[in-house]
Amino acid sequence: MVNFKEEIAKLLAEEVEGLSVLEIQGMIEVPTDTKMGDYAFPCFKLAKTLRKAPPLIAKNIAEKLDENNIFEKVVSVNAYVNMFVSKEEFVKDIVEEAVSKNENFGRSELGKGKKVIVEYSSPNIAKPFHIGHIRSTVIGNSIYKIYDALGYETVRINHLGDYGTQFGKMICAYRHWGNKEDVINDPIKTLLGYYTKFHVEVENHPELDDEARKIFTKLEQGEEEEIAIWKWFREESLKEFNRVYDMLGISFDSYAGESFYSDKMPRFVQELKDKNLLKESEGANIVDLEEYGMSPALITKSDGSTLYITRDIAAAVYRKEHYNFYKNIYVVASQQNLHFQQWIKIVELLGYEWAKDCVHIPFGLVSLEDGTMSSRHGRVVFLEDVLNKAVEQTREVIREKNVNTDNIDETAKQVGIGAVVFQELSNSRIKDYVFSWDKVLNFDGETGPYVQYTHARASSILRKAGDDIVAKAASLNNIEYKYICTDSGYDLAKLLYKFPEVIIEAGEKYEPSILTRNIVDIAQSFNRFYHDEHILVDNEEEKVAKVALVMAAKVALKNGLGLLGMAAPEKM
RNA sequence: GCGCCUAUAGCUCAAUUGGAUAGAGUAGCACACUACGAAUGUGAAGGUUGGGGGUUCGAGUCCCUCUAGGCGCACCA
């Protein structure tokens, strides 16, 4: 694939003195209005060194570049050099790239030999998996897929919230009021019930708190009976989480949660002491972070037990020693910004130079119309319910449309769940949003179903075109690219050209929404092309060229949806 | 009180990192199905980019300040 920007930068470097090719490449822009050109070079900054008026500089450069045949034409408009590349060359280049690479279009080897850890989802055992958990789960999954596509080795970690005094409370409650069958039949709801009942009862029976604390201590010390119950709770909860993960097509390489690090913490408390970082304050041990503009970090409680910041430090060191990561990514809500800043700083103060490779990827809060979610008050929307409802809605739409599909159940699943996933990935991570049924169940406009529909439409055209024509297009021999250099064809080609760059950018910024936006643009552009042009025309040369472009678009849509964690059905 | 984040069309969001006339979707309006899928497309309308200063050839973007909202700030995670 030709890097047009780089080629143009090389040509410009010959005309402009004192600037490197790389510097010039950074200055080249894509005009907002496509009528202006494919690439533009603003000349304002050259005015000082060349001691000439910017428009004059632009004019001179334009005249010289115009002679080069990589361009269709080069003109100057005020201080801008506007360049139009040769459309046929451009379209040929991108169609060949997409069609020949097919499922590998967009993938690269950028990260070869480097290992990236992505921690995401990380629900709390025995608590409901609600709509608030979708963000970490879906964003993390997409970031993992993007890094995988960029050639990195990846490790997916589900850092389960499976430890802490809450389990003492849960076991305590189970012993007082619980029974086995209820837990097996409906683990999460039952366990949550125990947890809330405990909080109600403790009001009148404060001794329950002591009992719970003692049980947790036994758990920490490895008492068999307590361990057995805890393990059982954990397994039952995981079964339920896995049902949702299966629906979403998500899996993990490790479920090492908080409990996994429970015995790995004393080492760091000692290290902190040795390095004189630990201070005593109100009976507890803290690390003072005032000079870094942060409030102090609490390392051990006044009763000597540790907190989750110590677990996170232990986990990071373990991961470095065990995986030797290049990057250690945490997809965790923005509420925990301070927490991450604190512990990453402490890891740095401990002298671990790789602290800089630990990155917190925050995302905004999901709330409900009547306020923030709260398990205790029953104000939650279960993720599984959302997914099921979306699938149901899709099934109805399919029935209405009366489209032939081979497997309505499977298609409804792919489209319905895709709609939820896509919506989650269409805005910048950091924005808060209010969950709304109307929104997740709306399939018009910039939505997952829209992109999937466009893909299905492209697939349908290829089926109608016939094997013979498709084979000719796929061979890429003697294609008359002039037929797809029309306005809408060329616009589509330009968006496809951006696709591989967009994947890199989405990875660098840990921002799947950049990719989401690109495939929406591709879908829009494809639909415009589809309406503007009759694709399956009588003239075979023209038909083959157009089919080649349809194939290229289909490949980008399919791969793009894949990177978001979505299926691309052939019919819907 | 301190810190971080957010504010762009009625609503939900973009804007190539400081560039040309700020763009999409959605809602409402007017159109287009006997061509390859209408979960679609076309058109018109919709803006003092929260307010005010500043930096410069140029600011939605950078700096200062004010306003509104969200999140966090010691024994939960």
Side-chain angles (χ1 to χ4, degrees), chain A residues 26-33 36 40 42 44-45 47-48 53-54 77-80 82 122 124 161 163-166 258 281-286 293-309 311-312 333-339 341-342 362 364-365 367 372 394 397-398 400-401 403-404 415 419 423 426-428 430-434 436 439 442-454 456-465 498 501-502 505 509 513-514 517 520-521 523-524 527-528 530-537 543 546-547 550 571-572:
Chain A
M27 288 166 71
I28 295 174
E29 296 164 8
V30 177
T32 39
D33 186 348
M36 298 291 227
F44 303 103
K45 281 170 191 154
K48 267 181 197 160
V77 178
N78 295 322
Y80 287 88
N82 289 341
S122 311
N124 285 327
Y163 211 62
T165 42
Q166 51 176 329
E258 289 167 26
S281 167
E282 294 168 36
N285 281 309
I286 62 156
M294 285 181 257
S295 45
L298 193 62
I299 303 294
T300 60
K301 301 195 258 183
S302 41
D303 66 1
S305 57
T306 55
L307 287 115
Y308 84 136
I309 197 161
R311 278 194 277 281
D312 270 332
S334 65
Q335 279 136 305
Q336 308 224 17
N337 276 352
L338 177 63
H339 170 250
Q341 277 171 26
Q342 285 179 323
L365 189 83
S367 52
T372 35
T394 308
V397 175
I398 292 175
E400 267 171 38
K401 309 274 175 201
V403 193
N404 263 354
V415 176
Q423 210 226 359
S426 50
N427 294 343
S428 314
I430 202 67
K431 306 246 185 194
D432 294 347
Y433 73 87
V434 178
S436 130
K439 242 171 117 187
N442 174 31
F443 299 160
D444 296 331
E446 297 171 330
T447 62
Y450 171 77
V451 177
Q452 287 173 320
Y453 171 80
T454 309
R457 181 185 245 180
S459 305
S460 168
I461 293 170
L462 297 183
R463 280 194 300 273
K464 289 257 160 66
K498 271 173 68 181
E501 301 170 13
V502 162
E505 192 191 346
K509 294 183 177 165
S513 67
I514 298 173
R517 188 135 290 115
V520 167
D521 288 344
Q524 280 178 337
N527 284 322
R528 226 163 279 149
Y530 171 89
H531 279 273
D532 285 0
E533 308 274 339
H534 187 188
I535 294 162
L536 301 178
V537 290
K543 181 157 54 173
K546 286 177 169 173
V547 163
V550 172
K571 295 179 185 174
M572 63 184 271

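Proteins come first, then strands; the chains are lettered A, B, ... in the order of their sequence lines, and each starts at number 1.
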message = Any base atoms under 4.0 Å from A:Ser281, or only sugar-phosphate, or nothing? Heavy atoms, all strands.
response = base
query = Between B:G19, B:G70, B:A77, which nucleotide has the shortest distance from any of its atoms to the side chain of A:Tyr80?
reply = B:G19
ask   = So what does A:Glu29 touch, heavy atoms closer than 4.0 Å: a base, only the sugar-phosphate, or nothing?
value = base
Contact check, side chains of A:Arg517 and A:Asp521, non-hydrogen atoms, under 4.5 Å = yes
ask   = Under 4.5 Å between any side-chain heavy atoms of A:Val520 and A:Thr447, yes or no?
value = no
key: Selection from B:C13, B:C5, B:U40 that lies nearest to any side-chain heavy atom of A:Asn527   = B:U40
query = For atom NZ of A:Lys571, is the number of surrounding heavy atoms from other residues, nucleotides or ligands below 6.0 Å larger than 12?
reply = yes
query = Is a side-chain donor-acceptor pair under 3.5 Å present for A:Tyr433 with A:Gln423?
reply = no
message = Do A:Ser367 and A:Val434 make a side-chain contact, defined as non-hydrogen atoms from C-beta onward lying under 4.5 Å apart?
response = yes
ask   = Tell me: CG of A:Asn337 to P of B:C71, nearest whole Å?
value = 13 Å
note = Assign each of A:Pro42 and A:Ser513 the nucleotide of RNA chain B bearing its closest heavy atom; nearer the 5' end lies the nucleotide of A:Ser513
message = Base, sugar-phosphate or nothing for A:Ser295? Non-hydrogen atoms, less than 4.0 Å.
response = sugar-phosphate
task = Convert the base pairs of RNA chain B into dot-bracket notation, remembering that pairs crossing earlier ones are written with [ ] and that bases paired across to another strand are shown as |; include only Watson-Crick or G-U pairs under 3.5 Å.
result = (((((((..((((.....[...))))..((((.......))))......(((((..]....))))))))))))....
ask   = Crowded around A:Asn78 CG? As in, over 12 foreign heavy atoms under 6.0 Å?
value = no
task = Would you please confirm or rule out a distance under 4.0 Å between OP1 or OP2 of B:A20 and any side-chain N or O of A:Asn78?
result = no
ask   = In Å, rounded to the nearest 0.5 Å, how long is the span from NE2 of A:His339 to CD1 of A:Ile309?
value = 4.5 Å
task = Please state the P separation for the pair B:C13 and B:G50 - nearest whole angstrom.
result = 14 Å
key: Distance, rounded to the nearest Å, where A:Asn427 contributes CG and B:U6 contributes P   = 14 Å
task = May I have the distance from A:Glu505 (atom CD) to B:A15 (atom C1'), rounded to whole angstrom?
result = 12 Å
remark   = Closest to the side chain of A:Leu338, out of B:A77, B:C4, B:C73, is B:C73
task = For nucleotides B:G47 and B:A22, find the distance between their C1' atoms and express it as a whole number of Å.
result = 8 Å
query = Could you give the NZ-to-C1' distance, from A:Lys431 to B:A7, as a whole number of Å?
reply = 8 Å
request  = Using the P atom as the reference point in each nucleotide, state the distance between B:G10 and B:U6 in Å, no decimals.
outcome  = 22 Å
request  = Could you tell me whether A:Ala297 contacts a base, only the sugar-phosphate backbone, or nothing, with contacts defined as non-hydrogen atoms closer than 4.0 Å?
outcome  = nothing
inquiry  = Of the listed nucleotides (B:U6, B:G70, B:C57), which one gets closest to any side-chain atom of A:Asp432?
reply    = B:G70
message = Counting distance alone, no hydrogens or angles: does the base of B:A20 have a donor or acceptor under 3.5 Å from a partner atom on the side chain of A:Asn82?
response = yes
query = Is the NZ or CZ atom of A:Arg457 both under 6.0 Å from the centre of the six-membered ring of A:Tyr530 and within 45° of that ring's axis?
reply = yes
query = P atom, B:A45 versus B:C4: distance in rounded Å?
reply = 43 Å
task = Could you tell me the separation between the CD1 atom of A:Ile28 and the P atom of B:A20, rounded to a whole number of Å?
result = 17 Å
query = Hey, which of these two, A:Thr447 or A:Arg311, hits RNA chain B nearer its 5' end, going by closest nucleotide?
reply = A:Thr447
key: Phosphate OP1/OP2 of B:C13 contacted by A:Arg517 side-chain N/O (<4.0 Å)   = no
note = Of the candidates B:A74, B:C5, B:A77, the side chain of A:Ile286 sits closest to B:A74
inquiry  = Classify A:Met294 by what it touches in the nucleic acid, base, sugar-phosphate, or nothing, heavy-atom distance under 4.0 Å.
reply    = nothing
Point-to-point distance, once rounded to the nearest 0.5 Å, from OG1 of A:Thr372 to CG of A:Asp432 = 11.0 Å
request  = Select base, sugar-phosphate, or nothing to describe what A:Glu501 touches, counting heavy atoms under 4.0 Å on all strands.
outcome  = nothing
query = For A:Tyr450, what residues pass the ring pair (Phe, Tyr, Trp, His ring centres under 6.0 Å) criterion, not counting sequence neighbours?
reply = none
inquiry  = For the P atoms, the ones on B:G25 and on B:G41, what distance do you get once it is rounded to whole angstrom?
reply    = 8 Å
query = Looking only at atom P, what distance separates B:G3 and B:C66, rounded to whole Å?
reply = 11 Å
ask   = Using the C1' atom in both, what is the distance from B:A68 to B:G51, to the nearest Å?
value = 11 Å
Base-contact (B) and sugar-phosphate-only (S) positions in nucleotides 23-39 of chain B, heavy-atom cut-off under 4.0 Å, - elsewhere = -BSS--------BBBSB
query = Parallel, tilted or perpendicular: which fits the ring planes of A:Phe44 and A:Tyr80, with parallel below 30° and perpendicular above 60°?
reply = perpendicular
Between P of B:C73 and CD of A:Gln342, the distance in whole Å = 9 Å
request  = Output yes when a side-chain donor or acceptor of A:Asn285 lies under 3.5 Å from a complementary backbone atom of A:Ile299, and no otherwise.
outcome  = no
query = Given B:G19, is OP1 or OP2 found less than 4.0 Å from the side-chain N or O atoms of A:Lys45?
reply = no
task = Evaluate whether the aromatic ring of A:Phe44 and the six-membered ring of the B:G19 base sit under 5.5 Å apart, centre to centre, with an inclination under 30°.
result = yes
message = Between B:U67 and B:U55, how far apart are the two P atoms, rounded to whole Å?
response = 24 Å
